[in-house]
Amino acid sequence: MLNSLAYLGFSDIRKIEDMTFDEYNLRIEAYQLKQIKEQEKLALLAWFNQTVQATTGNAKHPKPKYKKFTDFFDAMEMIDVLRDEFEEDYKPRTEKVKDKKRRDLINARLAEFEMMRRGSHGAEL
């Protein structure tokens, strides 16, 4: 209820109580997507600032620390992580998140295999 009052713009407790759990989750996800866009705006401002200041190399031959804005702030990756958390059938678009999902799946299957192996052979390992 506190999240609805603080973040979702509700002021009437009756309207909060009438909201379904699915509607609440959808509103929270939308709020978090808005927050990512706001962070992206702030990061873009910081990006412009850092392109002037942040360099690597020596004073004679400075090079920008970040080649692309997405090296500095990857909004699509953040959106993929967020939507994957809320939506069961969401397919990530960034390779970094796809790779993480694959690693997580492999680790989960490995843990399941280890549990099955221990269960069928006792505590031998």
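Nothing here was measured: the structure is a model prediction, and the numbers come from that model.
- With values rounded to the nearest 0.5 angstrom, R83 atom CZ is found 13.0 Å from Q32 atom CD.
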### Task
List the steps, then state whether side-chain contact (heavy atoms from CB on, under 4.5 Å) holds for Y31 with Q35.
CA-CA 6 Å; Y31 170 78; Q35 291 301 107; 3.6 Å; yes
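- Interatomic distance, R118 CZ to E114 CD, rounded to the nearest 0.5 Å: 5.5 Å.
- Under the 4.5 Å side-chain criterion, counting only non-hydrogen atoms from C-beta, K96 is not in contact with K100.
- With hydrophobic clusters built from ILVMFWY side chains whose heavy atoms lie under 4.5 angstrom apart, I36 shares a cluster with L8.
- The CG atom of L42 lies 6.5 Å from the CG atom of L45; values are rounded to the nearest 0.5 Å.
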### Task
Apply the test salt bridge (charged side-chain N to carboxylate O under 4.0 Å, His left out) to residues R27 and E23: give CA-CA distance (whole Å), side-chain angles for both, the deciding distance (0.1 Å), then the verdict.
CA-CA 6 Å; R27 287 176 182 264; E23 182 183 354; 3.0 Å; yes
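- To the nearest 0.5 Å, atoms CG (D89) and CG (D84) are separated by 10.0 Å.
- Inter-residue side-chain proximity for F69 and L44 is flagged as met; some heavy-atom pair is nearer than 4.5 Å.
- F48 and F73 fall within the same hydrophobic cluster, defined by Ile, Leu, Val, Met, Phe, Trp and Tyr side-chain heavy atoms under 4.5 Å apart, directly or through other members.
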### Query
Where do E112 and M116 land on the side-chain contact (heavy atoms from CB on, under 4.5 Å) test, with the steps shown first?
CA-CA 6 Å; E112 184 180 349; M116 290 171 52; 4.2 Å; yes
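- Within 6.0 Å of the CZ atom in R102, the count of heavy atoms belonging to other residues, nucleotides or ligands exceeds 12.
- R93 CZ to K98 NZ: the interatomic distance, rounded to the nearest 0.5 Å, is 10.0 Å.
- Closest non-hydrogen pair, F86 versus I28, comes out as CZ-CG2, 3.8 Å.
- Cluster membership check: L33 does not share its hydrophobic cluster with V97, using side-chain heavy-atom separations under 4.5 Å among Ile, Leu, Val, Met, Phe, Trp and Tyr.
- Atom CG in N25 sits 11.0 Å away from atom CD in E87 (nearest 0.5 Å).
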### Stepwise salt bridge (charged side-chain N to carboxylate O under 4.0 Å, His left out) test for E40 and K37
CA-CA 5 Å; E40 184 178 30; K37 284 299 181 187; 3.1 Å; yes
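- Of all heavy-atom pairs between S4 and M19, the closest is OG-CE, 3.6 Å.
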### Task
Mind running side-chain contact (heavy atoms from CB on, under 4.5 Å) on Y24 and I16 for me, showing each step along the way?
CA-CA 9 Å; Y24 172 78; I16 296 169; over 6 Å; no
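- Screening D74, D99, D80 against T94 for a side-chain hydrogen bond (donor to acceptor under 3.5 Å, both in side chains) leaves a single residue, D80.
- The hydrophobic clustering, which links ILVMFWY residues whose side-chain heavy atoms are closer than 4.5 Å, places V81 and M78 apart.
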